[in-house]
**Student:** 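The structure that follows is given in the form of structure tokens.
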Amino acid sequence: MKKFFTVLGGMGTLATESYVRLLDQRTPIHRDQDYLDYIVVNHASIPDRTTWILDHSQPDYNKALIEDIQQQSLLNPAFFVLICNTAHYAFDQLQAATTIPILNMLEETVAEIKRIKPDAKKVGLLATRGTVEAGLYDGYITKAGYEEIKPTPEILDMTEDLIYHDIKEAGHSDGQKYHELVRKMVEEEGADVVILGCTELSYAQEMNPETEFPVADSQSIIVDRSLERGMKLEGRATK
């Protein structure tokens with residue numbers, strides 16, 4: 001392949017499957033050859049991102065991820081897609097490992113809020129403890145002129161229960177838990193729109209999309225950006 005991109009996945013695997021599924025569903029096709037050319041690196045054994053962020057004595061996921069980036073760079077993809085919010089903790093370090101651009105999921109997600117909810121002033125965040133406590137979204141949200149609403153300890157515990165217990169451990173989503181999290185952020189905490197700042201939450205949204213509240217789904221958004229770039233790479237226009 002000459003005109004392709006590389007997906008850095010496996011963090012976790014169900015979320016990676018969700019990304020690929022959405023990408024293929026949204027690609028305009030009339031034949032097999034109309035799908036985009038891409039490589040998926042499902043590096044499931046990469047250490048947990050939150051565990052290392054909260055305790056640097058634990059195995060560092062960045063080493064494995066940088067190795068993936070360097071290996072894939074030898075194949076010369078047009079761009080990388082990093083489909084894990086928490087892995088953006090050391091985004092600059094990851095980008096420094098290659099001259100090939102890596103799409104920034106956090107930046108793209110916040111930029112999309114003005115289209116999802118043009119009058120939004122308060123932006124809620126649902127994410128892993130690592131993403132929340134490290135403030136990964138803080139700068140992007142503040143720079144865009146929004147007030148950030150972080151989850152309460154109760155909501156954060158509920159979020160991690162859904163991410164780690166239901167999705168990562170049991171291999172399925174709980175729609176009732178997911179919708180209750182979004183409801184709490186809007187009705188109880190006052191968010192105008194809620195960022196789904198973990199790809200497992202994006203998986204939950206794909207499995208149970210009936211939420212009545214506006215969400216900025218990080219994975220869905222990066223799928224659209226991937227599609228736009230991939231189509232342009234092949235000289236095709238997105239609808």
Side-chain angles (χ1 to χ4, degrees), residues 1-49 52-53 59-112 131 136-137 139-140 197-200 202-203 206 217-239:
M1 293 189 294
K2 294 182 179 179
K3 297 179 179 180
F4 70 98
F5 58 95
T6 292
V7 180
L8 300 169
M11 303 169 280
T13 294
L14 288 181
T16 301
E17 289 179 357
S18 177
Y19 169 90
V20 172
R21 193 161 47 241
L22 292 175
L23 179 66
D24 291 344
Q25 288 174 356
R26 295 177 187 179
T27 303
I29 61 100
H30 299 286
R31 55 179 184 160
D32 284 345
Q33 290 75 23
D34 289 337
Y35 288 101
L36 298 177
D37 289 336
Y38 55 86
I39 292 174
V40 178
V41 180
N42 194 66
H43 196 162
S45 59
I46 286 181
D48 185 74
R49 281 62 61 199
W52 178 80
I53 289 173
D60 183 357
Y61 74 90
N62 289 290
K63 295 178 181 178
L65 199 47
I66 287 173
E67 183 176 291
D68 290 341
I69 291 170
Q70 292 174 335
Q71 288 175 345
Q72 288 295 309
S73 292
L74 297 176
L75 301 177
N76 198 33
F79 59 92
F80 286 105
V81 185
L82 175 59
I83 48 173
C84 174
N85 286 265
T86 313
H88 283 65
Y89 178 90
F91 182 82
D92 291 344
Q93 181 183 351
L94 301 178
Q95 184 60 82
T98 181
T99 58
I100 296 166
I102 305 173
L103 301 191
N104 188 315
M105 180 183 279
L106 282 61
E107 184 175 53
E108 297 290 351
T109 298
V110 174
E112 189 69 7
T131 292
L136 300 192
Y137 267 97
Y140 298 105
C198 174
T199 51
E200 270 72 30
S202 297
Y203 173 77
E206 185 198 2
D217 181 346
S218 61
Q219 178 141 281
S220 178
I221 291 165
I222 208 66
V223 164
D224 287 341
R225 300 293 87 79
S226 302
L227 180 58
E228 291 167 5
R229 285 196 173 218
M231 294 282 284
K232 184 177 181 181
L233 190 63
E234 298 183 358
R236 301 157 61 192
T238 53
K239 295 182 179 179

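All values reported here derive from a predicted model rather than from experimental measurement. Note that these values count all heavy atoms, side chains included, but never hydrogens, waters or copies made by symmetry.
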**Student:** Give me each pair satisfying salt bridge (Lys or Arg N to Asp or Glu O under 4.0 Å) with a member in residues 6-25, each pair once, sequence neighbours excluded.
**Tutor:**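 Passing the test, one end in residues 6-25: R21-E206.
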
**Student:** With a 4.5 Å cut-off on side-chain heavy atoms, are L82 and L65 touching?
**Tutor:** yes

**Student:** Restricting to side-chain hydrogen bond (donor to acceptor under 3.5 Å, both in side chains), what partner residues turn up for Y137, sequence neighbours left out?
**Tutor:** N85

**Student:** Could you tabulate the donor-acceptor pairs under 3.5 Å formed by side-chain atoms of residues 69-79, not counting sequence neighbours?
**Tutor:**
from	atom 1	to	atom 2	distance (Å)
Q72	OE1	T6	OG1	3.1
S73	OG	I69	O	2.7
S73	OG	T98	OG1	2.8

**Student:** Out of curiosity, Y35 OH to Q33 CD, how far, rounded to the nearest 0.5 Å?
**Tutor:** 11.0 Å

**Student:** Is there a side-chain contact between D34 and R236, using heavy atoms and a 4.5 Å cut-off?
**Tutor:**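 Yes, side chains in contact.
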
**Student:** If I compare all heavy atoms of E234 with all of D37, which pair ends up nearest, and what's the gap?
**Tutor:** OE2-N, 3.7 Å

**Student:** Taking only residues two or more places apart in sequence, or in another chain, which ones meet T16 in a side chain to side chain contact (heavy atoms under 4.5 Å, CB included)?
**Tutor:** V40, N42, I83

**Student:** Within this structure, what is the CG-OG1 distance for the pair N104 and T109, rounded to the nearest 0.5 Å?
**Tutor:** 8.5 Å

**Student:** How long is the straight-line distance from CD1 of I102 back to CZ of F5, given to the nearest 0.5 Å?
**Tutor:**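 It is 14.5 Å, given to the nearest 0.5 Å.
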
**Student:** Using a 3.5 Å distance criterion without hydrogens, assess whether the side chain of Q95 forms a donor-acceptor pair with backbone atoms of I100.
**Tutor:**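 Yes, because the side chain of Q95 sits within donor-acceptor range (under 3.5 Å) of the backbone of I100.
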
**Student:** If you round to the nearest 0.5 Å, how far is CG of L233 from NZ of K2?
**Tutor:** 13.0 Å

**Student:** Under 4.5 Å between any side-chain heavy atoms of S220 and S202, yes or no?
**Tutor:**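 Contact flag for S220/S202 side chains = no.
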
**Student:** Any heavy-atom pair between the side chains of Y38 and L23 that's under 4.5 Å?
**Tutor:** yes

**Student:** Can you name the residues that form a side-chain hydrogen bond (donor to acceptor under 3.5 Å, both in side chains) with R225, not counting sequence neighbours?
**Tutor:**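 Per chain and number, R225 pairs via side-chain hydrogen bond (donor to acceptor under 3.5 Å, both in side chains) with E112, E228.
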
**Student:** So do K63 and P47 actually touch side chain to side chain, heavy atoms under 4.5 Å?
**Tutor:**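 No. Closest side-chain heavy atoms not under 4.5 Å.
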
**Student:** Just by modelled atom types, is the G12 backbone N or O under 3.5 Å from a matching donor or acceptor in the E200 side chain?
**Tutor:**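 It does hold such a pair.
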
**Student:** Side chain to side chain contact (heavy atoms under 4.5 Å, CB included), that's the test. Do W52 and N62 meet it? Break it down for me.
**Tutor:** CA-CA 9 Å; W52 178 80; N62 289 290; 3.5 Å; yes

**Student:** Go through the structure and list residues passing side-chain hydrogen bond (donor to acceptor under 3.5 Å, both in side chains) with D48, not counting sequence neighbours.
**Tutor:** T51, Y164

**Student:** Which heavy atom of S218 sits nearest a heavy atom of C198, and at what distance?
**Tutor:** OG-N, 4.2 Å

**Student:** Check whether any side-chain N or O of H88 sits under 3.5 Å from a backbone N or O of M105 as a donor-acceptor pair, and report yes or no.
**Tutor:**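 Yes; at least one donor-acceptor contact below 3.5 Å.
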
**Student:** Looking at every heavy atom in both A15 and Q219, which two are closest together, and how far apart are they?
**Tutor:** O-NE2, 2.8 Å

**Student:** With side chains defined as the heavy atoms from C-beta onward, is the minimum distance between L103 and R229 less than 4.5 Å?
**Tutor:** yes

**Student:** Quick one, M11 and T86 - any side-chain contact, counting heavy atoms below 4.5 Å?
**Tutor:** no

**Student:** Between S226 and Y19, is a side chain to side chain donor-acceptor pair (under 3.5 Å) present by the stated rule, with each step listed?
**Tutor:** CA-CA 10 Å; S226 302; Y19 169 90; 2.8 Å; yes

**Student:** Atom CG of L106 and atom OH of Y140: how far apart are they, to the nearest 0.5 Å?
**Tutor:** 5.5 Å

**Student:** When you measure from the side chain of Y61 to the backbone N and O of A87, does any donor-acceptor pair fall under 3.5 Å?
**Tutor:** yes

**Student:** Measuring from atom CG of L94 to atom CG of D68, what distance do you get when rounded to the nearest 0.5 angstrom?
**Tutor:** 10.5 Å

